[in-house]
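We count ligands from 1, going down the list as the structure has it; atoms in each ligand are counted the same way. Numbers here simply count residues along the sequence, with the first being 1. Nothing here was measured: the structure is a model prediction, and the numbers come from that model. Values below: every heavy atom of this structure, side chains too, minus hydrogens, waters and symmetry copies.
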Amino acid sequence: MEKLRIAVQKSGRLIESSMKLLKECGIDVPAGNNQLKISVDNFDAEILFLRDDDIPEYVQDGVADIGFVGENVVLEKNKITNIIERLGYGKCRLSIALPKGKRLNNLQELNGVKIATSYPVILSNWLSENNIKADIHEISGSVEIAPRIGLADAICDLVSSGSTLFSNELYECETILKSEAVLISGKNLSQRKQELLDQLLFRIRSVKKAKHTKYVLLNAPNDSIAQICKYLPGINSPTIVPLAQEGWSSIHSVIGENDFWNVIEKLKAAGAQGILILPIEKIIE
Ligand code: PRT
Ligand code: ZN
């Protein structure tokens with residue numbers, strides 16, 4: 001029986017969210033052992049635990065069929081894989097940072113500057129797109145200390161909260177990439193593996209969609225129903241159930257997280273009462 005081989009980071013920033021997503025997709029990965037490869041009981045898959053830097057190459061070479069990895073790593077490694085889904089976690093940006101006090105009036109002032117980075121490929125592409133000739137100094141870790149020890153004038157590194165830059169007296173002057181975890185796949189999956197991947201993708205999309213949507217329950221006087229339904233189109237249309245109290249109904253629908261507060265105000269103004277907002281676990285369409 002063919003199994004879909006799924007690569008995830010062995011330890012680090014992405015492991016927790018990747019395993020949580022797999023669990024929400026109904027894929028039970030037996031926990032608690034330090035193996036490199038674990039078989040899943042309830043889906044034809046096995047999980048390979050790898051260093052994130054190795055995932056694109058293993059997916060390209062077919063050692064793994066798909067992988068959960070930062071887009072920054074995918075672009076830096078430049079292997080032959082497809083990005084098939086953005087996953088919404090592991091968000092960060094790759095930025096150029098300078099020591100505080102060194103002002104940058106325009107990007108051309110980066111000409112001739114020595115920049116330390118672990119992302120030479122992405123940085124050099126960005127520099128040539130912007131016609132800048134800077135000197136890239138590749139280092140594998142602790143990039144943020146390079147300016148202080150005289151190794152470089154600037155750095156190009158991943159930033160999320162910005163506190164590492166701050167405590168090293170650096171400031172972010174230019175974002176060259178916005179990144180998040182992505183799902184990548186190899187180019188030539190067998191028909192069975194493609195079927196398994198399609199099932200997994202369907203589940204991932206259902207989970208993602210549910211995260212951005214809430215279930216709304218409210219009571220309204222019957223003469224406001226038409227108005228309220230305009231604000232709550234639902235997946236098809238809202239469900240309306242008469243209440244025991246004469247002249248009132250209960251309305252059930254879904255609402256996008258982004259319009260949420262805006263719509264709530266309109267619902268209240270239209271006469272809605274007892275509004276309940278509930279999380280949705282999955283949306284199957
Ligand atoms: O051992 P392995 O090689 O697998 O792991 P790793 O050490 O290379 O990677 P890891 O676990 O640190 O990061 C995995 C992925 O998480 C990265 O490739 C990014 O896609 C994503 N990610 C998200 C981050 C960050 N946020 C992040 N802040 N990766 C690294 N950082 C580092 C950054 O390099 C800097 O040192 O955190 C520091 C900055 O953080 P702030 O919050 O102080 O700005
Ligand atoms: Zn790594």
Just to confirm my output: which protein heavy-atom neighbour is closest to [atom], and how far is it?
| atom | value |
| --- | --- |
| atom 14 (C) of ligand 1 | D52 OD2, 3.5 Å |
| atom 35 (C) of ligand 1 | L158 O, 3.5 Å |
| atom 5 (O) of ligand 1 | Q9 NE2, 2.9 Å |
| atom 43 (O) of ligand 1 | T164 OG1, 2.5 Å |
| atom 26 (N) of ligand 1 | C92 CB, 3.4 Å |
| atom 30 (C) of ligand 1 | R13 NE, 3.3 Å |
| atom 1 (O) of ligand 1 | R51 NE, 3.8 Å |
| atom 28 (N) of ligand 1 | S160 OG, 2.9 Å |

**Prompt:** For ligand 1, which atoms have a heavy atom of G70 less than 4.0 angstrom away?
**Reply:**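 Under 4.0 Å from G70, ligand 1 has these atoms: 20 (O).
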**Prompt:** With a cut-off of 4.0 Å, which atoms of ligand 1 are near a heavy atom of L14?
**Reply:**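 Under 4.0 Å from L14, ligand 1 has these atoms: 15 (C), 16 (O).
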**Prompt:** So which N/O/S atom does D53 have closest to the Zn ion (ligand 2)?
**Reply:**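 Sorting the N, O and S atoms of D53 by distance to the Zn ion (ligand 2) puts OD1 first.
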**Asked** In D52, what N, O or S atom is nearest to the Zn ion (ligand 2), if we give its atom name?
**Response**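 Per the distance ranking, D52 contributes OD1 as its closest N/O/S atom to the Zn ion (ligand 2).
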**Asked** Given that the side chain starts at C-beta and the backbone is N, CA, C, O, which of these parts of N72 lies under 4.0 Å from ligand 1, counting heavy atoms, or is it both or neither?
**Response**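 The answer is the side chain of N72.
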**Asked** Considering only heavy atoms, does S163 approach ligand 1 within less than 4.0 Å through its side chain, its backbone, both, or neither?
**Response**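 Both of them.
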**Prompt:** Out of D53, L94, V73, D157, whose heavy atom sits nearest atom 3 (O) of ligand 1?
**Reply:**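 Among D53, L94, V73, D157, the closest heavy atom to atom 3 (O) of ligand 1 comes from D53.
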**Request:** May I ask you to check whether G162 has an N/O atom sitting below 3.5 Å from an N/O atom of ligand 1?
**Result:**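 By distance alone, the answer is yes.
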**Request:** Look up atom CG in L197 and atom CG in L183, then write down how far apart they are to the nearest 0.5 Å.
**Result:**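 The CG atom of L197 sits 6.5 Å away from the CG atom of L183.
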**Prompt:** Any donor-acceptor pair under 3.5 Å linking the side chain of S18 with the backbone of F68?
**Reply:**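 No, because the side chain of S18 does not come within donor-acceptor range (under 3.5 Å) of the backbone of F68.
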**Item:** Nearest protein heavy atom under 4.0 Å from atom 40 (O) of ligand 1, yes or no
**Value:**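 When distances to the protein are checked, atom 40 (O) of ligand 1 has a heavy atom within 4.0 Å.
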**Request:** Decide, yes or no, whether a salt bridge links E24 with K20 under the criterion of side-chain N to carboxylate O below 4.0 Å.
**Result:**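 Result for this pair is yes, salt bridge flagged.
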**Request:** Is it possible for you to check whether R103 lies under 6.0 Å from the centre of the six-membered ring of Y171, through NZ or CZ, and within 45° of that ring's axis?
**Result:**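 Ring-cation test returns yes.
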